[in-house]
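Before any comments, here is the structure.
This structure is a prediction, so every number in the text was calculated from the model and none was measured. Remember, it's 1-based here, ligands and their atoms both numbered in the order they're listed.
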Amino acid sequence: MNAPSTGNLQEEFLTLHEIVEAARRNLAPGPWGYLVGGAETETTVRRNRQALDSLAFRPRILRDVRHVDPSGSFLGRKTRLPVLLAPIGGLESIVAEGAAAAARASGEFGVPQMLSSVCKPGLEGTAAAADNLRVFQLYVRGDDAWVDDYVQRAIDHGYLAFCLTVDVAMYSRRERDLASRYVKPWRATATDAGRVFQAGLSWQQVERYKRKFPKFPLIIKGIATAEDAELAVEHGVEVVYVSNHGGRQLDHGLGSAAVMPEVVARVGTRAEVWVDGGFMRGTDIVKAIALGAKTVGLGRFTGFGLGAAGSAGLVRALEILEEEVRTCLGLLGVASLAELTPHHVTAAPPVTEPHVFSALPLLGRS
Ligand SMILES: Cc1cc2nc3c(=O)[nH]c(=O)nc-3n(C[C@H](O)[C@H](O)[C@H](O)COP(=O)(O)O)c2cc1C
């Protein structure tokens, strides 16, 4: 891990691809492969981009866009953009301070952070690092009492909601990591007994959570069908988070943007729908909101910003993203996110072959 840049980042980074290039320069091959890679053939990774690249805009003209407001709302609080720093386990292999660096960028820029339970400096340490909007994501590695202890600590430390990631019944085969013999810090210490808890997770535990913590909102992350969205809503879940884990778990899944219409149609106004998977550019964020997402998770994007120059690098990446969202909204004839509708997008053939960096054409492929 090289020292992050201390220069003037506004001048150093004018585009997102420059940030990604800097992250690649700074990171050793093992952590880099861990950050960008996916499961097996990486078809789901590519489909995330394919689904986004298969949507074109239908702009409206001659509308007053002198004041464009790209702000979003997150569990009832205003945010500077409708995005969430998605949970990343082992962030400490990307940036020395781990999730504390993400927390600081979250607070400074004004977007929420979801902390992964397998990330240093942990629930308490990350909460102490910044005054930010934060939610907590748990990988279940223990019994009910073990889970309840996490929920209570999250409540006590100012987290706004609790998240169960449900697309990890099995740990996938990440071939970049296997080929490079890279073992991330938290996997090195995980026990087989611990892994069994997530494989045994079912709607019963969701029911139990809602009975025990009815007032602490629950997010289910990793929903990929209308059927499971329906079950989540029936169980009283507040947020249906459409995700395929950035193509890092089940290979040969659909791209998240392609899943959105069926989930949004089924959920209606009964819960919020969030989404992640391949979102890298301002246009991607606008497409998600037009499809009905309330919040868009940024996974690799967060890692790239932090890898480029720590929390300042992530703030700079978010500034560029904000500029892109603002430009896109203005050119669509839309002054705020609330004006976006599904009529602002339409199906169109992608013009690039989708891959993990196809949103950044000035960057080489790898
Ligand atoms: C390096 C890395 C580690 C991740 N760790 C977690 C995790 O601990 N918990 C979780 O729910 N999702 C995890 N994810 C998935 C992200 O939260 C998010 O769903 C995914 O990255 C979104 O796709 P994107 O990277 O294309 O934006 C991880 C993703 C990456 C890239």
Have a look at Asn244 and tell me which of Asn48, Asp251, Thr44 forms a side chain to side chain donor-acceptor pair (under 3.5 Å) with it. Asn48
By salt bridge (Lys or Arg N to Asp or Glu O under 4.0 Å), Glu234 pairs with (sequence neighbours left out) none
Counting only heavy atoms from other residues, nucleotides and ligands, does the tally under 6.0 Å from CZ of Arg58 exceed 12? no
Which one holds for Ile88 and ligand 1: side chain close, backbone close, both close, or neither close, with close meaning a heavy atom under 4.0 Å? both
Taking the six-membered ring of Phe197, is NZ or CZ of Arg141 closer than 6.0 Å to its centre and within 45° of its axis? no
Please determine if Asp276 has a nitrogen or oxygen closer than 3.5 Å to a nitrogen or oxygen of ligand 1. yes
Could you walk me through whether Glu230 and Arg270 pass salt bridge (Lys or Arg N to Asp or Glu O under 4.0 Å), step by step? CA-CA 10 Å; Glu230 175 66 35; Arg270 295 180 294 163; 2.8 Å; yes
Does Arg60, at its CZ atom, have more than 12 non-hydrogen atoms belonging to other residues, nucleotides or ligands within less than 6.0 Å? no
Ring-face cation contact, Tyr34 with Arg248, 6.0 Å cut, 45° max: yes
Proximal ligand 1 atoms for Lys221, defined as those under 4.0 Å from one of its heavy atoms: 10 (C), 11 (O), 12 (N), 15 (C), 16 (C), 17 (O), 18 (C), 19 (O)
Is any N or O atom of Arg248, backbone or side chain, closer than 3.5 Å to an N or O atom of ligand 1? no
Any ion pair linking Arg316 and Glu319 (charged N to carboxylate O, less than 4.0 Å)? yes
Hey, looking at atom 25 (O) of ligand 1, which of Met114, Gln249, Arg300 has the closest heavy atom? Arg300
For ligand 1, which part of Gln137 has a heavy atom less than 4.0 Å away: the side chain, the backbone, both, or neither? side chain
Closer than 4.0 angstrom: is that true for some heavy atom of Gly278 and an atom of ligand 1? yes
What are the atoms of ligand 1, with element, lying closer than 4.0 Å to any heavy atom of Gly89? 3 (C), 4 (C), 5 (N), 6 (C), 7 (C), 8 (O)
May I ask you to list the atoms of ligand 1 that are less than 4.0 angstrom from any heavy atom of Thr165? 10 (C), 11 (O)
Trp274 and Phe74: aromatic ring centres closer than 6.0 Å? yes
Hey, is ligand 1 close enough to Ala86 that some N/O pair sits below 3.5 Å? no
Per-residue contact class, Ser116 against ligand 1 - non-hydrogen pairs under 4.0 Å: side chain
Which of the atoms in ligand 1, numbered in the order shown and given with their element, are less than 4.0 Å from a heavy-atom of Gly277? 22 (C), 23 (O), 26 (O)
Consider ligand 1: state whether an atom of it lies below 4.0 angstrom from any non-hydrogen atom of Val118. yes
Just which atoms of ligand 1 are under 4.0 Å from any heavy atom in Ser243? 19 (O)
Please classify the Met280 to ligand 1 contact at 4.0 Å (heavy-atom distances, strictly less than): side chain, backbone, both or neither. neither
Is the shortest side-chain N to carboxylate O distance from Glu108 to Arg80 below 4.0 Å? no
Would Tyr34 count as being in polar contact with ligand 1, using the rule that some N or O on each side must be under 3.5 angstrom apart? no
Kindly say whether the aromatic ring centers of Tyr150 and Phe136 come within a distance under 6.0 Å. yes
Under 3.5 Å: N/O of Tyr241 near N/O of ligand 1: no
What atoms of ligand 1 come within less than 4.0 Å of a heavy atom belonging to Gly246? 20 (C), 22 (C), 23 (O)
Is Phe301 in contact with ligand 1, taking contact as a heavy-atom separation below 4.0 Å? no
Would Arg63 and Glu339 pass as an ion pair if we require N to O under 4.0 Å? no
